[in-house]
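What follows is one structure encoded as structure tokens, with my remarks underneath.
Order of the sequence lines fixes the chain letters, A, B, ..., with proteins taken first and strands second; residue numbering starts at 1 for each chain.
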Protein chains: 2
Amino acid sequence: MNAQTRKKTAGMTSGDSPSCCGLPGIPDARFFRALCDPTRLRIMALLVEARQPRTVSEVAEGFPVDVSVVSRHLAVLRDQGILLAERQGKEVRYSVNYEFLVSALHGFARAVEACCPPEE
Amino acid sequence: MNAQTRKKTAGMTSGDSPSCCGLPGIPDARFFRALCDPTRLRIMALLVEARQPRTVSEVAEGFPVDVSVVSRHLAVLRDQGILLAERQGKEVRYSVNYEFLVSALHGFARAVEACCPPEE
DNA sequence: ATTATATTTGCATGAATGCGCAAACGCGCA
DNA sequence: TGCGCGTTTGCGCATTCATGCAAATATAAT
């Protein structure tokens, strides 16, 4: 069992925001669940700014929590397809899944404004 | 104390996604926290599809949970600026704050892709 | 094979959260 | 003023979640 296909294999590739709620374009609650923690969000900011993959240890350096906690946070984001993970020797490098993340955000925004434009 | 300014007065008007994490454009964790519940997300879908304000009772009709629970969910979304609330007599009508929501989503997406465009 | 380093996982714990029910509150109306 | 309807809030309960620590796993080097 490698690093990317782990639990629910929720890793979707790009333009498929998993619709819940019947309304297409609205992501699954688990998508937001992955982003709703302050620590996880700061990890996201770090990886976005890094612009390149970072190991678990590197990410953990910037945080006061245990490495295992950071590892778990990264796994949560990876399981939702928001992060990508690849082993390199004994390290695992995490990076932002830009395509999926941006597509999910735009898809949600489009669904909202397409269904309900106030006036224009 | 009226319906909109309630707890933390987190109700921001439109284009100001409250940056956490130092990286501007990334919303506060509480923004995602408000969207990370399945019921709340279905409420969002309902209000988006409705295209017009809905009372608490009207929203609650479509859900198996108690009215008080729906009221709390609506309050959570309102406190984050995602929903708008206005009293009309004894009823309170909730509607989607399109400007804020879409702006927050696009702002996040822009921050991500601006900081880290894979290739283009 | 043994050791060392990096990452993940099991377990316990305290805090947060969703929920139902009942009571309180707000508002219109007789 | 009192009543009824719609909404919110207080409280208790069960579940989820973030965290730390220790143990397990994975991989490389000796």
Side-chain angles (χ1 to χ4, degrees), chain A residues 1-9 11 20 28-44 47 53-80 83-95, chain B residues 1-8 11 20-21 28-44 47 53-80 83-95:
Chain A
M1 195 187 231
N2 59 20
Q4 15 279 17
T5 65
R6 181 57 59 74
K7 276 183 177 170
K8 324 202 75 169
T9 315
C20 74
D28 191 274
R30 285 169 295 179
F31 172 79
F32 296 107
R33 179 70 75 177
L35 295 170
C36 77
D37 179 73
T39 303
R40 243 159 11 226
L41 215 46
R42 275 186 286 148
I43 290 177
M44 283 301 300
L47 288 175
R54 286 277 184 264
T55 69
V56 179
S57 304
E58 287 171 343
V59 174
E61 278 180 18
F63 296 90
V65 297
D66 195 82
V67 192
S68 64
V69 175
V70 172
S71 174
R72 259 186 256 262
H73 281 315
L74 291 167
V76 169
L77 293 163
R78 163 173 50 73
D79 288 342
Q80 290 309 312
L83 293 185
L84 296 174
E86 53 174 342
R87 279 212 92 102
Q88 285 188 356
K90 35 185 172 183
E91 319 183 318
V92 177
R93 311 192 101 89
Y94 285 87
S95 56
Chain B
M1 196 186 232
N2 60 17
Q4 13 281 17
T5 63
R6 180 58 61 72
K7 277 183 177 170
K8 325 202 75 171
C20 73
C21 330
D28 192 274
R30 285 170 295 180
F31 173 80
F32 297 106
R33 179 72 74 178
L35 295 169
C36 76
D37 179 73
T39 303
R40 242 157 13 224
L41 215 47
R42 275 186 286 147
I43 290 177
M44 283 300 301
L47 288 175
R54 287 275 184 265
T55 69
V56 178
S57 303
E58 286 172 343
V59 174
E61 277 180 19
F63 295 90
V65 297
D66 195 82
V67 192
S68 64
V69 175
V70 173
S71 174
R72 259 186 257 261
H73 282 314
L74 290 168
V76 169
L77 293 163
R78 164 174 48 73
D79 288 342
Q80 290 310 311
L83 293 185
L84 296 174
E86 52 173 343
R87 281 211 90 101
Q88 285 188 357
K90 34 185 171 182
E91 319 182 316
V92 177
R93 312 192 99 90
Y94 285 86
S95 57

What is the minimum heavy-atom distance between [X] and [Y], and which atoms define it?
X	Y	answer
B:L35	A:F32	O-CD1, 3.6 Å
A:R33	B:R33	NH1-NH1, 4.1 Å
B:V92	B:A85	CG1-CB, 4.0 Å
A:P38	B:A29	N-CB, 3.7 Å

With a 3.5 Å cut-off and just heavy-atom distances, do the side chain of [X] and the base of [N] make a donor-acceptor pair?
X	N	value
B:R87	D:dG6	no
A:R72	C:dG10	yes
B:R54	D:dG6	no

Nearest-Å distance, [atom1] ([X]) to [atom2] ([N])?
X	N	atom1	atom2	answer
B:D37	D:dT15	CG	C1'	13 Å
A:L83	C:dT7	CG	P	14 Å
B:I43	C:dG18	CD1	P	11 Å
B:E91	D:dT7	CD	P	6 Å
A:H73	D:dA18	NE2	C1'	6 Å
B:R30	C:dA16	CZ	P	14 Å
B:D79	C:dT17	CG	P	12 Å
B:E86	C:dC27	CD	P	14 Å

side-chain contact (heavy atoms from CB on, under 4.5 Å) partner of B:D37, the single match among B:H73, B:R42, B:M44: B:H73
OP1 or OP2 of [N] under 4.0 Å from side-chain N/O of [X]:
X	N	answer
B:R33	C:dA16	no
A:Y94	C:dT8	yes
B:T55	D:dC5	no

- prompt: Base, sugar-phosphate alone, or nothing: which one does A:R93 contact when heavy atoms must sit under 4.0 Å apart?
  reply: nothing
message: Side chain of A:R40 only, heavy atoms from C-beta on: which candidate in C:dC19, D:dA18, C:dT9 is closest?
response: D:dA18
If you restrict it to nitrogen or oxygen atoms, what contacts under 3.5 Å exist between nucleotides 28-30 of chain C and the protein, and what is each distance?
none

Under a 3.5 Å distance rule, please check whether [X] uses its side chain to pair with a backbone N or O of [Y] as donor and acceptor.
X	Y	answer
B:R72	B:A75	no
B:R40	B:I43	no
B:D28	B:F31	no
B:Q80	B:L77	no

Is there a side-chain contact between [X] and [Y] (heavy atoms, below 4.5 Å)?
X	Y	value
A:Y94	A:R54	no
B:V56	B:E91	no
A:P53	A:E86	yes

query: At what angle, to 10 degrees, do the two end axes of the helix from C:dA1-D:dT30 to C:dA30-D:dT1 meet, given five pairs define each axis?
result: 10°
message: Expected output is a numbered-order residue list: members of residues 57-70 of chain A with a heavy atom under 4.0 Å from any atom of DNA chain C. What is it?
response: A:S57, A:S68
